[in-house]
Amino acid sequence: MTSFSLKSRNFSLPILESNHSDSLVADKFHDECGVMGIWNCPEAANLTYLGLYHQQHRGQEGAGVVAISDGEGRGNWNSHRGLGLVSDVFNKFDFAKLPGSRAIGHVRYSTAGGSRLENIQPFQAELASGRIAVAHNGNLVNADLLRGELKRKGAIFQATSDTEIILHLAARQSDNVPPVERIVKVLERLEGAYSLLIMLDDRIFAARDPHGIRPLVMAECGDGVVFASETCAFNLLDVRNVREVLPGEIVEVRGERTITSVRPFPTKPSASCIFEHVYFARPDSEVFGRHVQSVRRKLGEQLALEHPVEADLVIPVPDSGNFAAHGYSRQSGIPFDFGLIRNHYVGRTFIEPQQGIRDFGVKLKLAANKQILKDQRLVVVDDSLVRGTTSKKLVSMLREAGAKEIHLRISSPPTISPCYYGIDTPSKDQLIAAQMSLDEIRKFVAADTLEYLSLEGLHAAVNSTQNTFCDACFSGNYRAGVPTDFKPRQAQLL
């Protein structure tokens with residue numbers, strides 16, 4: 001069992017106000033970003049849009065697509081982007097405005113930089129060597145250093161995202177050398193996490209940082225090539241030969257389907273994000289060579305082995321706890337059911353009744369199934385416990401529904417550190433496990449018992465070692481470096 005003893009007797013977590021539809025997810029890590037690229041496939045922009053739609057879980061603040069028309073010469077570049085969900089940004093959009101067989105796209109959650117239209121990717125620019133568009137998933141730990149250097153050399157920034165740095169670095173490369181050499185020169189300046197799609201007039205590059213922190217996959221589709229953050233984006237496409245873009249690899253595609261690959265950088269410690277399997281990735285995706293849904297079941301099974309309890313029913317906190325709860329049930333023999341029912345049709349905004357409803361935001365999205373819960377001893381399984389505020393409200397809701405006992409089980413270790421590699425996490429002083437002991441957290445959420453999966457159990461369930469995955473949010477071990485001047489964005493307490 002993982003021990004943690006950091007305490008603060010004066011620690012007081014602010015309770016989320018229940019006047020916003022996203023209050024349920026405000027107590028979660030937020031997804032990073034998702035990328036999608038199509039090369040040499042008809043209706044590339046439309047296919048890119050559909051791929052982004054399947055990766056909506058990776059970012060809900062904005063979306064964009066850049067496409068190159070076919071024909072003589074370089075082709076015309078066209079784009080469409082906006083704030084909001086993919087379905088909002090492209091609502092009634094005429095894809096005839098984005099013609100061609102080449103396109104890249106992006107869904108964004110603002111891990112670095114605010115939620116502003118100028119931060120919506122893909123970014124594009126006109127360079128001496130031609131046009132360029134960039135879609136980026138991840139965070140650069142040396143972004144502030146590079147931005148300051150570029151500003152001193154006369155660069156003018158219009159966005160606050162660190163992705164714009166990549167465009168400025170590209171603009172400073174000689175156009176007398178092959179494009180792949182220019183890309184290598186750009187990437188060797190970057191530190192931290194990046195999974196990139198870089199589209200030029202006549203070719204596309206896909207690249208992952210040498211640590212392999214964020215996922216990126218590729219496949220063949222018809223006569224073309226497709227790239228995405230997750231394999232779930234391929235579900236609507238007839239793809240074959242799916243594989244990862246390897247850590248430190250740069251894949252170049254040009255012409256009809258001329259594919260070349262280089263790995264020009266020194267090998268660095270593997271640091272694939274383990275939280276992709278805990279929470280971020282869609283269950284039907286294969287990430288870092290592992291099927292996400294299967295891993296989450298194993299997390300639940302391992303949790304049951306480490307922390308058994310006498311109970312009548314295992315229920316998940318939907319949807320993030322569904323598969324871990326099923327695994328806990330299968331291993332423990334305790335029946336599984338849905339004691340909490342999620343409303344998947346809640347919009348992004350709504351009007352709260354003036355008379356006030358306690359825990360309004362949570363109750364709008366989750367309803368306690370009283371017929372299932374009454375007089376039951378419950379094992380309640382969730383994937384993580386960040387601030388504890390939502391868990392506190394859920395425990396109260398379950399008790400109001402008549403639950404006799406509530407045993408909270410978390411299918412990941414205590415979250416004690418923020419992420420610097422592309423996940424929007426609260427600062428350390430808002431992470432409950434960094435400030436309270438296990439028993440203090442249990443009392444705060446008002447559960448009868450509370451247990452987390454151990455760090456060793458997490459790695460066992462993912463079939464890895466601590467030398468394979470980055471687990472910094474659980475261990476504080478930052479395998480890809482820590483920026484000395486990084487200030488994590490304060491998570492909004494809604």
Side-chain angles (χ1 to χ4, degrees), residues 24-25 27-32 34 54-58 215 229-233 235 272-309 311 313-344 365-366 369 372-373 378-386 390-391 394 398 406-415 423 450-464 469 471 473-474:
L24 177 63
V25 296
D27 197 23
K28 294 286 187 184
F29 282 171
H30 288 289
D31 309 335
E32 331 88 62
H54 271 276
Q55 297 180 100
Q56 183 72 87
H57 58 286
R58 299 191 70 86
S229 291
E230 290 186 36
T231 58
C232 66
N235 285 353
S272 298
C273 176
I274 204 166
F275 216 85
E276 292 280 353
H277 283 292
V278 173
Y279 175 63
F280 287 133
R282 217 171 77 166
D284 55 332
S285 284
E286 186 174 296
V287 175
F288 308 134
R290 295 157 175 83
H291 182 229
V292 175
Q293 180 174 314
S294 299
V295 168
R296 289 180 184 163
R297 281 205 179 94
K298 290 180 181 178
L299 293 173
E301 292 171 359
Q302 183 67 29
L303 185 61
L305 289 171
E306 293 184 8
H307 301 296
V309 65
L313 196 64
V314 176
I315 68 168
V317 176
D319 291 322
S320 59
N322 287 356
F323 297 107
H326 184 259
Y328 192 104
S329 171
R330 186 163 63 179
Q331 177 63 42
S332 66
I334 302 171
F336 171 93
D337 211 334
F338 288 97
L340 292 166
I341 306 301
R342 180 161 184 165
N343 181 357
H344 290 90
K365 285 199 169 184
L366 290 177
N369 194 343
I372 298 293
L373 300 173
L378 302 177
V379 177
V380 182
V381 180
D382 203 358
D383 67 283
S384 59
L385 197 159
V386 180
T390 297
S391 298
L394 289 176
L398 293 170
I406 298 172
H407 303 280
L408 188 57
R409 295 293 182 267
I410 307 300
S411 61
S412 64
T415 305
I423 300 173
L450 166 66
E451 299 289 354
Y452 292 84
L453 182 65
S454 69
L455 189 59
E456 297 78 13
L458 172 64
H459 284 280
V462 184
N463 190 26
S464 73
F469 284 87
D471 56 18
C473 50
F474 306 125

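What you see below is based on every heavy atom in this structure, not just the backbone, and it leaves out hydrogens, waters and symmetry mates.
- Take H277 and apply the side-chain hydrogen bond (donor to acceptor under 3.5 Å, both in side chains) test, not counting sequence neighbours, and it matches no residue.
- Nearest approach of H291 to P283, heavy atoms of both residues: NE2-O, 3.5 Å.
- The CG atom of L373 sits 5.5 Å away from atom CG of L378, with the distance rounded to the nearest 0.5 Å.
- Taking D284 as the reference, N235, R282 meet the side-chain hydrogen bond (donor to acceptor under 3.5 Å, both in side chains) condition, with sequence neighbours excluded.
- A donor-acceptor contact closer than 3.5 angstrom links the side chains of D382 and S320.
- Contact detail for G339 and I315: the closest heavy-atom pair is N-CG2, 3.7 Å.
- H326 pairs by the ring pair (Phe, Tyr, Trp, His ring centres under 6.0 Å) definition with F336, not counting sequence neighbours.
- Proximity of L366 to P318: side-chain heavy atoms (C-beta onward) are separated by under 4.5 Å at one or more points.
- The shortest distance between side-chain heavy atoms of L458 and V278 falls below 4.5 Å.
- Separation of atoms CG (L450) and CD1 (I410) is listed at 6.0 Å; rounding is to 0.5 Å.
- Here the side chains of L408 and L385 are in contact, with some heavy-atom distance below 4.5 Å.
- What you find for S229 and P215 is that their closest heavy atoms are O-CB, 3.5 Å.
- Here the straight-line distance linking atom OG of S384 with atom OH of Y452 works out to 9.0 Å at 0.5 Å rounding.
- The distance from atom NE2 of H459 to atom CD1 of I274, rounded to the nearest 0.5 Å, is 4.0 Å.
- Residues meeting the side-chain hydrogen bond (donor to acceptor under 3.5 Å, both in side chains) test with S285, sequence neighbours left out: E230.
- Annotation: side chain of N463 is not in contact with side chain of V295 (no heavy-atom distance under 4.5 Å).
- Side-chain atoms of S329 come within 3.5 Å of backbone N or O of I334 as a donor-acceptor pair.
- Atoms CG and CG, from D337 and L313 in turn, are 5.5 Å apart once rounded to the nearest 0.5 Å.
- Looking only at distances, no side-chain donor or acceptor of S411 sits under 3.5 Å from a matching main-chain atom of G300.
- Annotation for N369 and F338: closest pair ND2-O, 3.7 Å, computed over non-hydrogen atoms.
- Residue pairs meeting the salt bridge (charged side-chain N to carboxylate O under 4.0 Å, His left out) criterion with at least one member in residues 286-303, sequence neighbours excluded: E301-R330.
- Here the shortest heavy-atom pairing between A281 and R58 reads CA-NH1, 4.5 Å.
- A donor-acceptor pair under 3.5 Å links the side-chain atoms of R409 to the main chain of H307, judged by distance alone.
- Residues I423 and F280 meet the side-chain proximity criterion, which asks for heavy atoms closer than 4.5 Å.
- In this structure, Q55 has no side-chain hydrogen bond (donor to acceptor under 3.5 Å, both in side chains) partners at least two apart in sequence or on a different chain.
- Note that the CG atom of D471 and the OG atom of S412 stand 11.5 Å from one another [nearest 0.5 Å].
- Using a 4.5 Å cut-off on side-chain heavy atoms (C-beta onward), V380 and L394 make no contact.
- Put simply, the side chain of E306 gets close to the backbone of S454: a donor and an acceptor are under 3.5 Å apart.
- Using a 4.5 Å heavy-atom threshold, the side chains of F474 and L453 count as separate.
- F288 places none of its side-chain heavy atoms less than 4.5 Å from the side chain of V462.
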